[in-house]
Amino acid sequence: MTFDDAAGNQPPTAGASRTPRALLLAFNHKPHEKVVALAERLLDEGARLDVVVLSDTNWADLAGRPNVRLFTLGAAEKRHPLLRTERIVVTSGPRRVARGLSRLAGGGTASGLSRRQERLSRAFHKRVFMKAYSNVRPLVLSRLADKRLSELDLERDPVDLIVASDALSITLGWRLARRFPNVVATTSLDPPPLAQLTAAA
Amino acid sequence: MTRPTRRPRILYLSFYFPPSRASGVYRARATANYLAEHGWDVTAFASPLSFLHRVIGSVDEQLAETVHPSVQVERPNISHFAWERDLHAYGRFRGMSPILARNLYNFGLKKFFPEHYLSWALASVRKALRMHARRRFDVVLATGNPFASFAAAWMIHKATGVPFAVDYRDAWTLNMFTEEPGYEPGHPAWRWERRILRDASASIFVNQPLLAWYADRYPNAADRMMVVPNGWDPDLLTQLDAPTPPSESDRDRPLRFSFLGTMNSTQPVEQMAEAFQIARRHPDLADAELNIHGHLGYFKQGKTDLIARLGLVEGEQGHALPEYGIHYRGPVSKTEVGKVYQDSDVLVFLAGGARYVTSGKIFEYMASGSPIVSVHAPGIAAQDVLAGYPLWFNPESLDVHDIAESMIAAGKAARDMSAKQRAEARAHADTFTRQAVTAPLEARLRSMVRRKIEAGRIAS
């Protein structure tokens, strides 16, 4: 996990008028254009924006902007015990076994065995593991994010709006909504203007 | 001693019912009121108020007051799963396993009934069976959309034997705007529609082209199909003035064109705005206004898109294009509708779709007795209704110049209109009052009860 702390995104100092703050959760690898448009809109409204993503590769345009912090979880997910175990059992383990057998068999049989093993591993990963894993993935991601939430400092500098922009980010959004019952937490990509939220607060 | 005659008891499944402001709600209100006024004991099942407030985002409380006092309105629950955006409202299961929850929800839609209103239909069936056990229903009438109400009527029929009728306010398996089937072959909607039309004692359509489309697909049910057009509600349109000729000062002031209704994304809104800008260059339409009254879109989110499509900008006068005389005037309470018609010289009939679309608003437009300009694709089903209306200006195309010419002609007609012309126009509209159009439906429902009595299935 990396935490890209932009210089412009500092908590407010005592006595200064408070700048609204929004938290955007966007776990899809490629964000939908509506999600990017929402981020732009929130920045235009003068918000300090924290975006929690799996990978920042598709967020390059936003990354350099003042008042934006990107918070990536993808690397931490790859290190998660569940995924590591699956890689050992389904991919790397069988690959080693296949290579060992290939060495014993030698020649064309060897490459055929490796190919079949690779194909089988990929098919299992895609059709069995990922289908099952997708059901618990939002929970896994929310727990990974939990470990680093302190860096967002939500207790001392509360957000005005939490948006879970896709299905994968709902669990994290839902847990934050329970933790901060007075904050507007939504899956809508057309939330009310921040000025309206801060005025209501 | 003879037993007192029991009033026939009808269960009316109408998800959109006052205080909903959905466009189909007037037909539901009029049907329930007409039946109540003609000796029926009416129980209406409608959407929960929480759905109208939280999902639809608006209600018309005044409209609710116009429902006949003897109509018993019940509001079975509906799951907000498909519409809920507030994470605070998510339960533990959905919060912790959103993808599994979504997959299970979609499985229900795919395997059982393909509509988000399924939970309301199931709750309606449960409630109906409980009520039927206490006091029997004689007939069930379901109106769609949502078509889950049809499924509920069918299930109640299967469980109790009570005959049912289905009222297609909209088409279900026909996309009225593309005029293509609305679902791919094998979709569960077809299976449901087939079994519903097989068992329904009557199926009702809003116009003949729609009936013909269904009769063609379900020939075995064709003899039980009928047309009940939409109409206008004299009790809601009380402020229409007596026909008076325009005065000299009226002739000099700029003309007022109006659109009144719910604008939606299927309507040719850009063409309407552009045509008006062209027409306004004509001396007869100098400084004319086009006032848009009503809601923009059915849901809260639709407004922004339509404002952009109309090219309106926010200013001191709200959303408008003041240099072209186009103004968005906002929603109108039902009690103010008559005043809007009274203050309009020409009405703009804007409608999406074509052959199968009538639009409920056209009847009210005709009742005003004002010139009407059509802005819709040629061949729309509403043309059958408008055909006898003497002040109808139809460009027969969506070309902005043709529409502009019709607007100019309608403007001239408005300036020169006599009291006699207005009275003739209103006389045509009188053939489409709700009373007139609902009477055959009431007769059909009554015949369904009579057949049931004759078959010895109910005791009076």
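Basis for what follows: all heavy atoms, side chains included, without hydrogens, waters or symmetry-related copies. Protein chains get the first letters and strands the later ones, always in sequence-line order, with residue 1 at the start of each. A quick note: this is a predicted structure, and the numbers were derived from the prediction, not measured.
Contacts with chain A (heavy atom to heavy atom, under 4.5 Å) involve these residues of residues 100-110 of chain B, listed by number: Leu100(B), Arg102(B), Asn103(B).
Scored by the salt bridge (charged side-chain N to carboxylate O under 4.0 Å, His left out) test, Arg75(B) finds no partners at all (sequence neighbours excluded).
Comment: Arg85(B) does not engage Asp190(A) in a salt bridge, judged by the lack of any side-chain N to carboxylate O separation of less than 4.0 angstrom. In this structure, Arg94(B) does not pair ionically with Glu84(B), as no charged nitrogen and carboxylate oxygen lie closer than 4.0 Å. Ion pair Asp146(A)/Arg143(A) not flagged as a salt bridge, since none of the NZ, NE, NH1 or NH2 atoms sits closer than 4.0 Å to an Asp/Glu carboxylate oxygen. Using a 4.0 Å cut-off between charged side-chain N and carboxylate O, Arg329(B) and Glu336(B) make no salt bridge. Between Asp50(A) and Arg69(A) there is a salt bridge, with a side-chain nitrogen of the basic residue lying less than 4.0 Å from a carboxylate oxygen of the acidic one.
With respect to chain B, the highest number of heavy-atom pairs below 4.5 Å among Gly173(A), Pro181(A), Pro191(A) belongs to Pro181(A). Among the candidates Asn135(A), Val184(A), Leu172(A), the residue making the largest number of heavy-atom pairs closer than 4.5 Å to chain B is Asn135(A). Ranked by heavy-atom pairs shorter than 4.5 Å toward chain A, the options Leu87(B), Asp86(B), Ile99(B) are led by Leu87(B).
Under the 30°/60° scheme for interplanar angles, the aromatic rings of His125(A) and Phe129(A) are found to lie parallel.
With a threshold of 4.5 angstrom between heavy atoms, Val136(A) does not approach chain B through any atom at all.
The OG1 atom of Thr262(B) sits 11.5 Å away from the CG atom of Leu350(B) when rounded to the nearest 0.5 Å.
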